[in-house]
Amino acid sequence: LKPGGANIPVTEKNKKEYIERMVKWRIERGVVQQTESLVRGFYEVVDARFVSVFDARELELVIAGTAEIDLSDWRNNTEYRGGYHDNHIVIRWFWAAVERFNNEQRLRLLQFVTGTSSIPYEGFASLRGSNGPRRFCV
């Protein structure tokens with residue numbers, strides 16, 4: 001985890017650093033082989049010179065494409081919790097703001113909330129979370 005780390009006792013003073021380094025090591029170690037295989041396969045299909053000009057977000061948009069967001073589909077497939085409902089003043093403000101956004105801003109909002117700017121082929125009714133189908137939720 002750290003040069004000479006085997007000889008450094010974990011104390012209250014360095015506990016946070018130890019935990020951060022341990023988590024990073026475990027996460028990276030757990031997916032190194034899969035990530036390397038994915039990257040090798042990707043570069044067998046796509047020339048690395050073409051990909052190097054994009055950052056991660058731009059590459060996602062190139063691969064997944066940019067879709068025009070259908071606001072009525074998004075709104076019709078949204079669920080509300082915590083006392084909110086479609087006619088709640090805060091929700092009306094939210095949708096009014098989203099209506100004023102251009103498509104790029106809507107895609108960025110979607111990416112911020114869901115982690116991806118990709119819209120399922122079937123629309124928002126088929127939006128998926130990390131554990132299966134999941135509607136957009138406010």
Side-chain angles (χ1 to χ4, degrees):
L1 301 178
K2 180 177 183 175
N7 301 319
I8 302 172
V10 177
T11 65
E12 284 300 318
K13 187 175 180 180
N14 66 5
K15 180 171 59 175
K16 183 176 185 238
E17 178 189 6
Y18 170 76
I19 291 170
E20 288 171 351
R21 288 178 181 264
M22 180 59 84
V23 167
K24 183 177 187 286
W25 178 76
R26 287 184 184 243
I27 289 173
E28 289 175 352
R29 179 187 62 147
V31 296
V32 168
Q33 186 178 8
Q34 295 90 336
T35 302
E36 288 173 352
S37 295
L38 176 68
V39 170
R40 269 195 315 275
F42 181 78
Y43 285 130
E44 283 180 16
V45 178
V46 179
D47 189 322
R49 294 173 298 171
F50 298 132
V51 176
S52 65
V53 299
F54 299 107
D55 66 23
R57 186 178 182 314
E58 292 168 336
L59 185 58
E60 180 186 3
L61 291 174
V62 167
I63 292 171
T66 54
E68 190 69 30
I69 291 184
D70 180 344
L71 275 181
S72 64
D73 178 44
W74 191 355
R75 191 169 184 163
N76 290 334
N77 289 288
T78 295
E79 65 181 60
Y80 303 99
R81 294 185 187 159
Y84 292 111
H85 50 82
D86 192 50
N87 203 30
H88 191 284
I89 186 67
V90 172
I91 300 303
R92 290 196 323 246
W93 290 339
F94 172 78
W95 288 118
V98 174
E99 285 174 9
R100 287 191 301 272
F101 289 176
N102 63 37
N103 198 61
E104 174 66 20
Q105 292 169 316
R106 291 173 186 163
L107 288 168
R108 286 181 184 211
L109 171 64
L110 182 64
Q111 183 171 32
F112 175 76
V113 175
T114 66
T116 181
S117 59
S118 299
I119 303 166
Y121 175 76
E122 302 87 356
F124 281 92
S126 298
L127 200 61
R128 297 185 61 81
S130 59
N131 57 351
R134 182 159 231 133
R135 294 178 74 186
F136 184 82
C137 182
V138 178

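All values below come from the heavy atoms of this structure, side chains included, with hydrogens, waters and symmetry mates left out.
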Short N-O contact, K24 and E20, less than 4.0 angstrom
no
Could you list the residues that satisfy side chain to side chain contact (heavy atoms under 4.5 Å, CB included) with R26, not counting sequence neighbours?
M22, R29
Only pairs at least two apart or in different chains count here, so list each ring-ring contact (aromatic ring centres under 6.0 Å, His included) that has a residue in residues 91-112.
W74-W95
Salt bridge (charged side-chain N to carboxylate O under 4.0 Å, His left out) filter on E17, not counting sequence neighbours, yields K2, R21
Kindly write out the residues that satisfy side chain to side chain donor-acceptor pair (under 3.5 Å) with Q105, not counting sequence neighbours, or none if the list is empty.
none
Salt bridge (charged side-chain N to carboxylate O under 4.0 Å, His left out) partners for K13, two or more places apart:
none
V23: what forms a side chain to side chain contact (heavy atoms under 4.5 Å, CB included) with it, not counting sequence neighbours?
I19, I27
Output all residues satisfying side chain to side chain donor-acceptor pair (under 3.5 Å) with E99, sequence neighbours left out; order by chain, then residue number.
none
For R92, what residues pass the salt bridge (charged side-chain N to carboxylate O under 4.0 Å, His left out) criterion, not counting sequence neighbours?
none
Once salt bridge (charged side-chain N to carboxylate O under 4.0 Å, His left out) is applied, what residue pairs with a partner in residues 72-89 remain, sequence neighbours excluded?
R75-D86, E79-R81
Taking only residues two or more places apart in sequence, or in another chain, which ones meet S52 in a side chain to side chain donor-acceptor pair (under 3.5 Å)?
none
Can you list the residues that meet the side chain to side chain donor-acceptor pair (under 3.5 Å) rule with N102, with sequence neighbours excluded?
none
Can you give me every donor-acceptor pair (side chain of residues 36-45, partner residue at least two apart or in another chain, under 3.5 Å) with its distance?
{"residue": "S37", "atom": "OG", "partner": "Q33", "partner atom": "O", "Å": "3.1"}
{"residue": "S37", "atom": "OG", "partner": "R40", "partner atom": "NH2", "Å": "3.3"}

